[in-house]
Visitor: 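Submitted below is the structure of interest, expressed as structure tokens.
Computed from heavy atoms alone, side chains included, the values below leave out hydrogens, waters and symmetry copies.
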Amino acid sequence: QVQLVESGGGLVQAGGSLRLSCAASRGTFGTNTMGWFRQAPGKEREFVAAISWSGGSTNYADSVKGRFTISRNNAKNTLYLQMNSLKPEDTAVYYCATGDRKFAGLAGYVYEYFGQGTQVTVSS
């Protein structure tokens with residue numbers, strides 16, 4: 001079972017930037033789709049962004065398009081989320097996630113493993 005550890009969260013003013021990282025324990029990191037999700041207080045967890053195993057394909061939730069960028073470094077087993085122009089509504093716990101399917105596309109990917117999350121708080 002893969003272990004995922006997020007870092008990089010914190011408190012930032014609206015309009016600011018943060019870069020989240022997710023370190024994966026499994027050596028097969030480079031074969032799996034990776035995603036970022038978030039959960040705000042009192043709300044359900046929602047999809048933020050995903051990236052294919054090769055890094056060649058990405059997709060984003062409409063609410064973060066143009067502001068967030070997902071990327072990965074397969075040599076370092078690390079996933080990133082660059083967040084710019086942050087808004088108070090981006091405040092949430094952010095989780096990275098992956099599943100067991102290898103060399104799969106983004107559509108319909110089943111995320112089975114989630115990290116413990118990192119808190120992002122954006123003040124107005």
Visitor: Roughly how far, to the nearest 0.5 Å, is OG of Ser63 from CZ of Phe68?
Guide: 7.5 Å
Visitor: Between the side chain of Arg67 and the main-chain N/O of Ser85, is any donor-acceptor distance below 3.5 Å?
Guide: yes
Visitor: Are Asp100 and Tyr113 close enough that some pair of their side-chain heavy atoms sits under 4.5 Å apart?
Guide: yes
Visitor: Is a side-chain N or O of Gln3 found less than 3.5 angstrom from the main chain of Ser25, in a donor-acceptor match?
Guide: no
Visitor: Where do Gln119 and Val93 come nearest, in terms of heavy atoms and distance?
Guide: OE1-CG2, 3.2 Å
Visitor: When rounded to the nearest 0.5 angstrom, what distance separates CG in Leu106 from OG1 in Thr58?
Guide: 7.5 Å
Visitor: If I take atom CZ from residue Phe103 and atom OG1 from residue Thr31, how far apart are they, to the nearest 0.5 angstrom?
Guide: 5.0 Å
Visitor: Which pair of non-hydrogen atoms, one from Arg38 and one from Val64, has the smallest distance, and what is that distance?
Guide: NH1-CG1, 4.0 Å
Visitor: State, to 0.1 Å, how close Met83 and Leu20 come at their nearest heavy-atom pair, and which atoms those are.
Guide: CE-CG, 3.8 Å
Visitor: Would you confirm whether Thr33, through its side chain, and Ser52, through its main-chain N or O, come within 3.5 Å as a donor-acceptor pair?
Guide: no
Visitor: Is any side-chain heavy atom of Val2 closer than 4.5 Å to one of Phe29?
Guide: no
Visitor: Against Phe37, only a single residue in Phe114, Tyr95, Tyr94 fulfils ring-ring contact (aromatic ring centres under 6.0 Å, His included); can you say which?
Guide: Phe114
Visitor: Could you tell me whether the side chain of Glu6 and the main chain of Gly117 form a donor-acceptor pair under 3.5 Å?
Guide: yes
Visitor: Return the CD to OG distance between Gln116 and Ser7, rounded to the nearest 0.5 Å.
Guide: 8.5 Å
Visitor: Keeping the roles fixed (side chain from Asn32, backbone from Gly99), state whether a donor-acceptor pair exists under 3.5 Å.
Guide: yes
Visitor: State plainly whether one hydrophobic cluster holds both Leu4 and Leu18, where clusters connect Ile, Leu, Val, Met, Phe, Trp and Tyr through side-chain heavy atoms under 4.5 angstrom apart.
Guide: yes
Visitor: Ala61 and Phe47: which non-hydrogen atoms are nearest, and at how many Å?
Guide: CB-O, 3.5 Å
Visitor: Measure across Ser71 and Ile51 and return the closest heavy-atom pair with its distance rounded to 0.1 Å.
Guide: CA-CD1, 3.7 Å
Visitor: I'd like to know if the side chain of Thr98 reaches the main chain of Met34, judged simply by a donor and an acceptor atom lying under 3.5 Å from each other, with no hydrogens or angles considered.
Guide: no
Visitor: May I ask whether Val120 and Leu79 are part of the same hydrophobic cluster, defined by side-chain heavy atoms of I, L, V, M, F, W, Y residues being less than 4.5 angstrom apart, directly or through others?
Guide: yes
Visitor: Can you tell me if Tyr60 uses its side chain to pair, donor with acceptor, with the backbone of Ile70 under 3.5 Å?
Guide: yes
Visitor: Asn84 and Ser17: side-chain contact (heavy atoms from CB on, under 4.5 Å), yes or no, with the steps?
Guide: CA-CA 4 Å; Asn84 299 328; Ser17 298; 2.9 Å; yes
Visitor: Taking all atoms of both residues into account, what is the closest heavy-atom pair of Ala49 and Leu81, and its distance?
Guide: CB-CD1, 4.4 Å
Visitor: Would you compute the distance between atom CD of Gln82 and atom OG1 of Thr69 and round it to the nearest 0.5 angstrom?
Guide: 7.0 Å
Visitor: Between the side chains of Asp90 and Lys87, is the shortest nitrogen-to-carboxylate-oxygen separation below 4.0 Å, so that they form an ion pair?
Guide: no
